[in-house]
Each structure stands twice: as structure tokens, then as C-alpha cells.
Number of protein chains: 2
Amino acid sequence: MGHQPTDPYDILRSGLIWGRWKSGERLIPQYLTAELGCTSSVLREALIRLAGEGLIISEKNQGFRAITHSPETFRQAAHLRLVFEVEASQMSLKNADFEWELSLSAAYQKLAHVEKQMIETGNAEKYVRHWSLQDWEFHSTLLSACGSDLLLKTYKSAFDTFRMYAVSSIPNYGFGGEITAQEHRAIYEAAIKHDIAACIKAIETHLVLYKDGNRTNEPLPAKSSLQAAKKSPPPKKKKKI
Amino acid sequence: MGHQPTDPYDILRSGLIWGRWKSGERLIPQYLTAELGCTSSVLREALIRLAGEGLIISEKNQGFRAITHSPETFRQAAHLRLVFEVEASQMSLKNADFEWELSLSAAYQKLAHVEKQMIETGNAEKYVRHWSLQDWEFHSTLLSACGSDLLLKTYKSAFDTFRMYAVSSIPNYGFGGEITAQEHRAIYEAAIKHDIAACIKAIETHLVLYKDGNRTNEPLPAKSSLQAAKKSPPPKKKKKI
DNA sequence: ATTTATGCAACTTTCGAAAGTTGCTTGACA
DNA sequence: TGTCAAGCAACTTTCGAAAGTTGCATAAAT
């Protein structure tokens, strides 16, 4: 069994990505202590680090907020993903060794498996979080042999920003059924064949729809509440009647 | 008259970029308080934020260190710059309006002027810091009309990493005399003509040498000490004789 | 002579309280 | 009624001390 993270930084980071706090929402250290099991100072440090990473905005004397996203910021994140994936997949395919091919195959099989379940059961929502993790594993493995840790680190940051928006505002976090599965297959097969041109084309096909905003126009599904028990701020003092 | 920054974060950030602390050097909050005029807690926060940005490394119970760079990390930063500049300059040229052309011209004239001084006086060292600032202004202005704040922010981070290494390890921070001046002119002229292909080519010419490590092989000049007055750690206890 | 324990100094991290800031609410004054 | 200022509650930021950790120096054991 895996362990739940207990480090406030990890909890906050993953909470931000998976929609525990919404776009623009204030994060007040004082009211998170009970839930995260530490004092507000420790939370403050975690929030500052996340501000440095760009997941949180902090303005002097105004505390912390989750970054605000919009279709436009999503478009920018998708565009950055596209730029990185096109560049780094080329480099990866050039450096690729046998071990890399093994991990890419493993990542692809796991991704394809969950996508098959989502399509066959017709119950995509049930698997969508797992799918999102496998989607990350597949894309990051594809780029992992590019030879630049800096590029990979920067890519991760763009991917997380992309995912934050997808989780909060796109049906099934962007999983588009059979079409998405086909796109992943095209990327995988081109990569395994070391066909750089086909791989780039497949990546562009996969991401250009987000970049141009064409996959964000569908209606939002009803979202169930994700609220965990938390100490709430005291009710505001009422105006005298 | 401009003001010196007094915010510890700004002082640390600029100190890191301009070589006040060297690659891998420990930053111990306790010994920086006198110099930066605040308590170690405030310094800690600034250091954590810089860790989030990637300029500082922090490991649990091991405190903070300036990121360690090497020819390889420099190569990666140069490569990232190249990727961003090629992509964003295209977008900028497409969006370019009159105001953008004015700021690009202004930035270029200032850059060309300091480069001329460096070449004519033969005393590049005297101007190199100013040159580095103008170099940033020129390159960032070129990309400024690309329409993606996220791309610009990410580019800045790569540029800072690039510059950190250049300041510490490359003669004249990478200013290569007449050749560099010519390269900047080629970029500028292609941009003003909205000649995307020529602009990309000029950018590639400008950056590919760093990317491939060919401008880092020159001998290092003697570096004078930059040490400011600082409270030093107490001398280590001597071994008994 | 080497390995293994113990002590200690130098930091690092966490804590909780004090000081500072912001923006509402309310009450005084035009 | 409108506006302006004082008061206040809710945070945010800073502080300095307490607690915890690491790694070296020295001492003890094999």
C-alpha cells in the first residue's frame, strides 16, 4: 500500500492540482492548521514555496490565493506543453535506448488500459483521476530521454498548470474518449518506430485542440463537492438591524 | 535617481544572479541578517521562495545553497532560451504593432550603444553589467508581443539561469565583441522587417554557440573579489594538539 | 589501530506571541 | 443623505526563543 503524503507542502500542491481549492480561492494558514496538522508558520512556508513555483499568488499583506485560471491561461499552458513536447520528443527519440522503450511501453499499456475501461464501461468519471496520472506518466516518459533536466522540470510545471485547469473546468479532465485513445496510440507507435516527423505530427494533433480552445467549449458536468472537514472562518459579524 | 532594493528577496535574487554567492555556496540565514537588515525568519522565507523558483536548492535539515551550475546546466539553459526565442519571436512578429516596434528600436539602440562603447574603448569589463541588462531588455522586448504571459515568465526564468552561469564563468558574461554586436543587429533588422525566417535564423546563430558549448571554452579572466562586509561564521574549533 | 559510541556545537525547523496592515462598520459632522 | 474619520476585527507579517537534527570531535571499546 502507498502512503498518503503528510507533508503540508505535498498536500497543498496536490490539493491545488486536483481541485481541493478553486481558482482564485484564498488559502488562510490559520484555517488550514487543523486539517494539515501543523502550525500556520509551516503552512506559510509551504505556500511561499508554491508561490515561487507559480501555483499560488501572494501579494504583500493580502495573503495567498490559488492562481486564477481562465480559458486564456489554459490556452497558454497548452501551447507551452506543445512547444516542449515537440522539442523534447525529438531529442528523446534521438537518445532513445532500450530501457527507455521499455518504460514508454509500460506507461502506454497502463494508459491504454485505463482508457479502454473508461470507454467500455461508459463510466469515464470513475477512472478519470487515475487516467490523468497515467496521462502524465506517458507524456513525461516520452520526453524523459531528452537529456535536459531543466527542460523536463519546466515541462512539469506547464503540465501541472494545464492539469489544474483541466481538472476544474473540462469534462473528464480532457479525456475525449476514443479520439484521445487514438491520439495516444498514434504518439506511442510513432515513438517506438523512432519516426520523429510522425511523432511530432501526432503530438500536434493531440494538443492543438486545447491550444486553440476547441476542447473547452463543451458544457461542464455537474461537479460534486470535494469539501473535506475543515475549520471554517467564524461567521462575519452581522450588521445591526 | 533609482533606489537600491531593500527587500531581502530582491537583494538575494539579484545577488545570486550577479555572483554575490557562488555556485553551490551555502546561504545561512543567521549570517546574512546584519547585511540584509532583517531577522533570519524573513530571510528564510525569501530563500524558500527562491527555492520554489529554482535559483536555490533546499534540502530538509540541510539549509539552503545557491544552485550548482556546470557547463551542462548552462547548455540546457541556453537550449531552453533558444526554444523559447524561436517560438515566441514568431508569435511576436505576427502580433507586432507600432508601439512594440518603438520599444524594440529603443531597446536595440541602447544595446548597440553600450556594445559600441565596449568595442571602441576596448574596456568591455567596465560596461559588462550594463550590457547584460540591455541584452535582457532587448531579448525580452523582442518576445514581449508573443501574447503569452506564461511563456514570457518561463523564458525569464531560463534567461536568469543562463545569466547566472554566464556571470560566474564566461568572460565578459558572454559578450563576444563585434560578433555579438553583429548578431544582435541581424536579429533586430529581421524583426523590424517582420522577416520571420531570417529572425529565427539570426536567433539560432546567436544562441547555438552557447547551446553547443563553443563559447565557454575561452580562459577565465582573473575575477576580483565581490565580497561585501558580512558577519562571518565563527572560526571552527581547533583540534587539540 | 580501527571501529563504535557519546558529547557538543552549529545550524535548521517549528512554534506561538507580538506587531503591523487592511478594509469593514459605525458614528460624527456637513 | 453623503462623506469622512475613528474603531475594530480579521488577518498577515515579523520576531525571537525552544526544540530538533546533523556532523564532527573526542572518548571508549574491540
Side-chain angles (χ1 to χ4, degrees), chain A residues 5-13 15-16 21-22 24-68 230-241, chain B residues 5-13 15-16 21-22 24-68 230-241:
Chain A
T6 62
D7 177 14
Y9 167 81
D10 292 328
I11 298 174
L12 286 172
R13 191 172 210 288
L16 254 2
W21 295 280
K22 299 192 203 62
E25 184 170 351
R26 271 185 89 177
L27 290 122
I28 298 173
Q30 188 181 354
Y31 300 116
L32 296 168
T33 55
E35 190 179 346
L36 306 214
C38 59
T39 61
S40 55
S41 314
V42 177
L43 280 170
R44 190 178 159 76
E45 294 199 347
L47 290 164
I48 288 170
R49 176 170 260 121
L50 290 163
E53 287 181 38
L55 270 72
I56 282 206
I57 292 169
S58 113
E59 279 183 301
K60 183 97 180 149
N61 291 322
Q62 306 286 275
F64 304 94
R65 289 175 182 280
I67 47 165
T68 56
K230 72 169 168 181
K231 196 169 160 192
S232 297
K236 292 263 171 182
K237 200 175 168 184
K238 280 236 178 82
K239 213 171 179 169
K240 192 161 64 177
I241 303 172
Chain B
T6 62
D7 177 16
Y9 167 82
D10 292 328
I11 298 175
L12 286 171
R13 191 171 209 288
L16 254 0
W21 295 280
K22 299 191 202 64
E25 184 171 353
R26 269 185 94 176
L27 290 122
I28 300 173
Q30 189 182 353
Y31 300 116
L32 297 168
T33 54
E35 190 178 347
L36 305 215
C38 60
T39 62
S40 54
S41 312
V42 176
L43 281 170
R44 191 178 158 76
E45 294 198 348
L47 290 163
I48 288 170
R49 175 171 260 120
L50 290 163
E53 287 180 39
L55 270 70
I56 282 206
I57 292 170
S58 112
E59 278 184 303
K60 181 100 179 147
N61 290 323
Q62 306 285 285
F64 303 95
R65 289 175 182 281
I67 47 165
T68 56
K230 72 170 169 182
K231 196 168 158 191
S232 295
K236 293 263 172 184
K237 200 175 165 183
K238 280 236 177 84
K239 212 171 179 167
K240 191 161 67 177
I241 303 173

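Everything numeric in this text was worked out from a predicted model, so none of it was measured. First the proteins, then the strands, lettered A, B, ... as listed; each starts at 1.
Distances shown here put every side-chain N or O of A:Gln62 at or beyond 4.0 Å from the OP1 or OP2 atom of D:dT13. Between B:Tyr31 and C:dC11 there is a side-chain polar atom (N or O) within less than 4.0 angstrom of OP1 or OP2.
Under the side chain to side chain donor-acceptor pair (under 3.5 Å) criterion, B:Arg65 pairs with no residue at all, not counting sequence neighbours. With sequence neighbours left out, A:Asp10 forms a side-chain contact (heavy atoms from CB on, under 4.5 Å) with A:Pro5, A:Asp7. Partners of A:Thr39 under the side-chain contact (heavy atoms from CB on, under 4.5 Å) rule, at least two apart in sequence or in another chain, are A:Ser41, A:Val42. For A:Pro29, the side-chain contact (heavy atoms from CB on, under 4.5 Å) test picks out A:Ser40, A:Leu43, A:Leu47, with sequence neighbours left out.
The stretch residues 47-61 of chain B participates, sequence neighbours left out, in these salt bridge (Lys or Arg N to Asp or Glu O under 4.0 Å) pairs: B:Arg13-B:Glu53.
Protein atom CD1 of B:Ile28 is 5 Å distant from nucleotide atom P of C:dT12, rounded to whole Å. Atoms CD (A:Gln30) and P (D:dT13) sit 13 Å apart, rounded to a whole Å. Nucleotide C:dT12 holds its C1' atom 14 Å from the CG atom of B:Leu32, rounded to whole Å. Separating the CZ atom of A:Arg49 from the C1' atom of C:dT12 is a distance of 13 Å, rounded to the nearest angstrom. Remark: P of D:dC11 and CG of A:Leu43 are 15 Å apart, rounded to the nearest angstrom. B:Leu27 has its CG atom 10 Å from the P atom of C:dT12, to the nearest Å. As a whole-Å value, the separation of B:Glu59 CD from C:dT13 C1' is 15 Å.
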Do any N or O atoms of the protein come closer than 3.5 Å to N or O atoms of nucleotides 14-21 of chain D, and which pairs are they?
unit_1: D:dT14; atom_1: OP1; unit_2: A:Lys60; atom_2: NZ; d: 3.3
unit_1: D:dC15; atom_1: OP2; unit_2: B:Thr39; atom_2: N; d: 3.4
unit_1: D:dC15; atom_1: OP2; unit_2: B:Thr39; atom_2: OG1; d: 2.9
unit_1: D:dG16; atom_1: O6; unit_2: B:Ser41; atom_2: OG; d: 3.4
unit_1: D:dT21; atom_1: O3'; unit_2: B:Asn61; atom_2: ND2; d: 3.1

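Residue B:Glu25 holds its CD atom at 9.5 Å from CG of B:Leu16, rounded to the nearest 0.5 Å.
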